[in-house]
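The sequence lines fix the lettering, A, B, ..., with proteins before strands; numbering per chain opens at 1. Keep in mind it's a predicted model, so treat the numbers as computed, not measured.
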Amino acid sequence: MAEAPATLNPAQLAAVHHLDGPCLVLAGAGSGKTRVIVHKIARLLQAGLEPRQIAAITFTNKAAAEMRERAKQIVGGRAAKDLAISTFHSLGVRMLKTDGSRLGLKEQFSIFDSDDVLGVLREAGGCNDNAVARSWQWTISLWKNQGLDAEAAARAAADEDQRVAAVVMKRYEERLAAFQAVDFDDLISLPLKLLARDAEAREKWQGTFRHILVDEYQDTNAVQYELLKALVGEHTPFTAVGDDDQSIYGWRGATIENLKRLPQDFPRLKVIPLEQNYRSTGNILRAANNVIAQNPKIYEKKLWSEFGDGEPVRLLECDSEEHEAERAVARIQALRGADARIAWSDFAILYRANHQARIIEQKLRQAQVPYKVSGGQSWFDRAEIKDLCAWLRLLVNPDDDPAFLRAVTTPKRGIGHQTLASLGEFAGKWKVSLFEALFSPTLKTALKGKAIDSLHEFGRYVNALEERARHTRGGEEARKLMLEFLTDIGYERHLHDGEESEKIAASRWSNVVDFVGWIARRAGGDEDRPEQTVLEVAQTIAVIISLAERSEDQDVVTLSTLHASKGLEWPHVVLAGVNEGLLPFRAGDEEMTPERLEEERRLMYVGITRARRTLVVSTLRRRKKGRELVAAVPSRFITEMKLNESTGREDPRERLAKLRAALAAKASAPAPSAD
DNA sequence: TTTAACCCGATTTTT
DNA sequence: TCGGGTTAAA
């Protein structure tokens with residue numbers, strides 16, 4: 001975190017003290033917005049609000065956890081614990097848990113992750129091609145983010161592909177309802193539906209919060225904005241904190257329309273720009289401002305800082321991706337070699353697309369530089385963890401068919417896909433879940449006795465386990481139950497049977513053990529959370545899944561996409577592959593709309609403003625195409641930074657050429673050195 | 001006809 | 001790295 005001054009600056013103070021009406025804080029990069037949010041929470045408590053009456057909404061679990069941590073430092077643990085700090089999605093879960101029944105959702109519903117959704121879509125659309133199913137998933141999600149249901153989508157469908165997607169969407173929605181399941185988009189749209197339709201619920205929820213703060217407001221989509229409006233109603237004051245210049249998620253439904261509409265929807269809106277930056281040097285901010293000045297503005301805003309100019313922003317022109325990676329690594333080593341106080345973790349290399357990381361990783365490994373790639377595969381995506389999650393989900397909601405299918409076949413227990421297909425057919429005919437079908441007395445019309453016996457045994461075991469999970473509370477108890485369960489189903493043996501290598505099996509098992517420890521810790525509670533039963537932990541699993549991630553405090557270089565870098569900062573940053581086609585990105589023959597270009601420019605702006613002290617912008621003169629190198633065009637954003645106005649561009653080759661020329665000149669006749 | 005090896009190309013990501 | 005698509009061999 002940048003060195004924050006002891007007091008708030010005037011703009012920050014204004015934002016903190018505007019308590020009574022709607023407020024939009026335009027928080028430029030590095031302008032201390034989290035501080036503002038946290039201080040405002042403290043101010044609201046001081047004004048007499050209860051912690052539970054203050055909601056702070058973020059986009060990621062990580063941001064929510066950080067905010068709670070920061071709040072704790074200022075308002076103390078007791079108050080911080082009761083604050084309603086959560087993501088949009090977990091707030092949605094909370095609303096659906098308490099009032100979902102008013103929409104016909106039973107209390108123990110399942111939340112489908114994107115793999116589950118993909119599976120349902122393949123089935124609903126009768127298509128085994130993952131690419132097709134994924135494009136449906138994508139289209140449907142965007143529709144849902146715009147607040148369209150299947151019928152509205154059918155009307156909005158613009159081409160044949162979209163018409164098909166709309167048909168699939170209808171079938172998909174039917175299946176979700178049958179499974180008593182919701183997807184991530186539903187976690188926003190269903191609570192909105194609840195508030196829109198049900199006056200009693202609306203009144204209750206509008207009375208729940210007396211101030212709502214929304215972080216990263218520029219990332220909200222249409223439905224999230226509607227939910228916010230429904231929650232604040234006519235009277236609840238709120239604070240939206242965001243930066244139109246850092247809106248980089250338009251492609252997944254975020255819309256800066258929400259920023260434009262805010263003053264219209266709330267005429268009393270107080271707009272407060274935070275322009276003082278506490279992160280970067282003057283040279284870095286100047287480059288950032290120059291780039292973003294090319295975009296049309298909704299609100300005027302220009303960052304400045306009290307730090308000096310600092311090092312000039314450097315431009316590196318490289319001969320190939322390989323060369324670029326080598327030079328980035330060399331720069332890191334050189335800086336670190338020159339100053340022992342500089343840590344590996346002071347560096348980040350940022351790029352547009354994940355695959356760019358590959359070659360950089362290779363060079364870092366060669367140079368023995370420790371690194372981490374942000375946004376790598378999550379621990380929770382591993383097959384063994386998903387297996388166990390499927391079991392837990394099944395305990396929470398036996399009607400969760402995807403979870404049922406995974407659990408019933410993991411480990412293998414003599415129930416093959418013949419049996420499951422017949423069971424599925426039977427369940428479909430009677431419109432019940434697989435689990436329900438399994439206990440039906442008429443099942444014997446569809447299946448052989450032996451298969452039924454196996455199914456019954458499985459079903460009874462699940463029921464017994466559910467009973468125990470419901471009553472097992474606390475860390476140690478939870479651990480015991482989980483390990484016993486794993487022995488019961490023979491999971492460790494299953495891992496060893498399935499793997500070709502003992503080593504892999506052992507590492508999978510150790511993941512499983514970690515997972516059990518993780519469950520136990522959550523069941524055990526701590527000063528922030530009460531003890532929970534295993535079943536309660538299980539229900540929240542889909543939502544909290546990204547919390548347990550990496551330990552932050554390793555001394556390693558960070559590799560990250562520009563998107564994943566938003567909100568983070570490093571003393572020394574390298575932007576790699578700043579070329580036309582990549583940044584701004586252009587896919588083949590698609591034309592670049594002004595809106596697209598503007599979002600790419602904001603991405604560049606985000607990249608530049610991650611740097612505190614030094615920034616290197618690296619571009620390729622050639623890049624690999626097939627077997628040969630073809631010419632590459634440096635990004636237009638490089639020109640837009642206007643580096644040469646205040647600083648010289650720095651190309652070692654050119655410098656070398658100049659040096660040679662100077663030496664040659666010196667040798668013949670003494671000349672004034674041009675440095 | 002089926003399978004395995006290999007090569008190529010790649011938006012961006014959270015819940 | 002990862003997955004899809006192509007090609008070569010059985």
Side-chain angles (χ1 to χ4, degrees), chain A residues 57-65 86-94 96 110-117 128-135 137-138 141-142 144-145 181-191 215-216 219-221 223-224 227 246-254 321 350-362 365 373-378 380-381 540-547 549 559-567 577 579-588 590 592 596-597 599-604 606-607 623-628 630:
Chain A
I57 306 179
T58 63
F59 274 86
T60 64
N61 287 313
K62 194 173 157 226
S86 76
T87 62
F88 266 107
H89 292 87
S90 25
L91 177 63
V93 172
R94 178 177 158 193
L96 292 181
S110 294
I111 300 166
F112 279 9
D113 70 17
S114 81
D115 279 0
D116 300 325
V117 168
N128 272 325
D129 186 339
N130 259 335
V132 174
R134 208 162 289 150
S135 90
Q137 185 176 20
W138 173 251
S141 178
L142 278 180
K144 290 176 98 165
N145 284 169
V182 300
D183 63 23
F184 285 125
D185 301 320
D186 291 332
L187 291 178
I188 314 296
S189 59
L190 291 180
D215 192 18
E216 305 281 13
D219 290 341
T220 51
N221 63 41
V223 181
Q224 285 161 338
L227 179 60
Q246 292 186 69
S247 161
I248 54 174
Y249 285 109
W251 51 273
R252 69 177 195 206
E321 281 97 336
L350 309 180
Y351 37 80
R352 177 59 220 258
N354 287 89
H355 63 88
Q356 294 176 264
R358 195 188 127 265
I359 184 121
I360 303 173
E361 278 187 79
Q362 189 189 323
R365 272 196 302 267
V373 184
S374 87
Q377 273 299 42
S378 159
F380 287 95
D381 293 336
T540 51
I541 247 169
V543 180
I544 46 182
I545 237 158
S546 63
L547 253 181
E549 303 297 60
L559 302 189
S560 170
T561 62
L562 288 163
H563 282 94
S565 76
K566 188 160 71 104
N579 280 78
E580 285 295 308
L582 201 49
L583 180 66
F585 186 86
R586 191 170 47 242
E590 267 174 64
M592 174 79 83
R596 285 270 288 271
L597 180 62
E599 183 152 316
E600 295 293 309
R601 187 175 281 118
R602 291 192 290 267
L603 204 49
M604 179 74 181
V606 165
R623 84 197 132 84
K624 269 214 193 90
K625 176 119 195 218
R627 218 158 291 144
E628 61 220 293
V630 298

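- Using cut-offs of 30° and 60° for the angle between ring planes, the A:Trp251 and A:Trp138 rings count as parallel.
- For the pair A:Arg358 CZ and B:dG9 C1', the computed distance is 11 Å after rounding to whole Å.
- Nucleic acid contact class of A:Phe585 (heavy atoms, under 4.0 Å, all strands): base.
- Counting to the nearest Å, the P atom of B:dT14 and the CD1 atom of A:Ile188 are 16 Å from each other.
- Applying the side chain to side chain donor-acceptor pair (under 3.5 Å) rule to A:Gln356 yields no partners; only residues at least two apart in sequence or on another chain are considered.
- DNA chain B is contacted by both A:Asp185 and A:Ile248; A:Ile248 maps to the nucleotide lying nearer its 5′ end (nearest heavy atom per residue).
- Proximity of A:Ser90 to the phosphate of B:dT15: no side-chain N or O atom is located under 4.0 Å from OP1 or OP2.
- When the nucleotides B:dT15, B:dT12, C:dG4 are ranked by their closest atom to the side chain of A:Asn130, C:dG4 comes out on top.
- Of the residues listed (A:Val182, A:Asp183, A:Asp186, A:Leu96), the one engaging A:Ile111 in a side-chain contact (heavy atoms from CB on, under 4.5 Å) is A:Val182, and it is the only one.
- The distance between atom CG of A:Asn145 and atom C1' of B:dT14, rounded to the nearest whole Å, is 11 Å.
- If you measure from atom CG of A:Asp219 to atom C1' of B:dT13, you get 11 Å, rounded to the nearest angstrom.
- Distance, A:Trp251 CH2 to B:dT12 P: 8 Å, rounded to whole Å.
- Atom NE2 in A:His89 sits about 12 Å away from atom P in B:dT14, given to the nearest Å.
- Within the structure, every side-chain polar atom (N or O) of A:Asn354 is placed at least 4.0 Å from both OP1 and OP2 of C:dC2.
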**OP:** Show your working on side-chain contact (heavy atoms from CB on, under 4.5 Å) between A:Phe585 and A:Leu603 and close with a plain yes or no.
**Re:** CA-CA 10 Å; A:Phe585 186 86; A:Leu603 204 49; over 6 Å; no
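- Spacing between atom CG of A:Leu91 and atom C1' of B:dT15 amounts to 13 Å, rounded to whole angstrom units.
- Within the 4.5 Å cutoff, side-chain heavy atoms of A:Met592 are placed close to those of A:Pro584.
- The distance between atom NE2 of A:His355 and atom C1' of C:dC2, rounded to the nearest whole Å, is 12 Å.
- Two residues, A:Ala353 and A:Phe59, neighbour DNA chain B, and the one matched to the more 5' nucleotide by heavy-atom proximity is A:Ala353.
- Proximity note for A:Arg252 (side chain, C-beta onward) versus B:dT15, B:dT12, B:dT14: the nearest is B:dT14.
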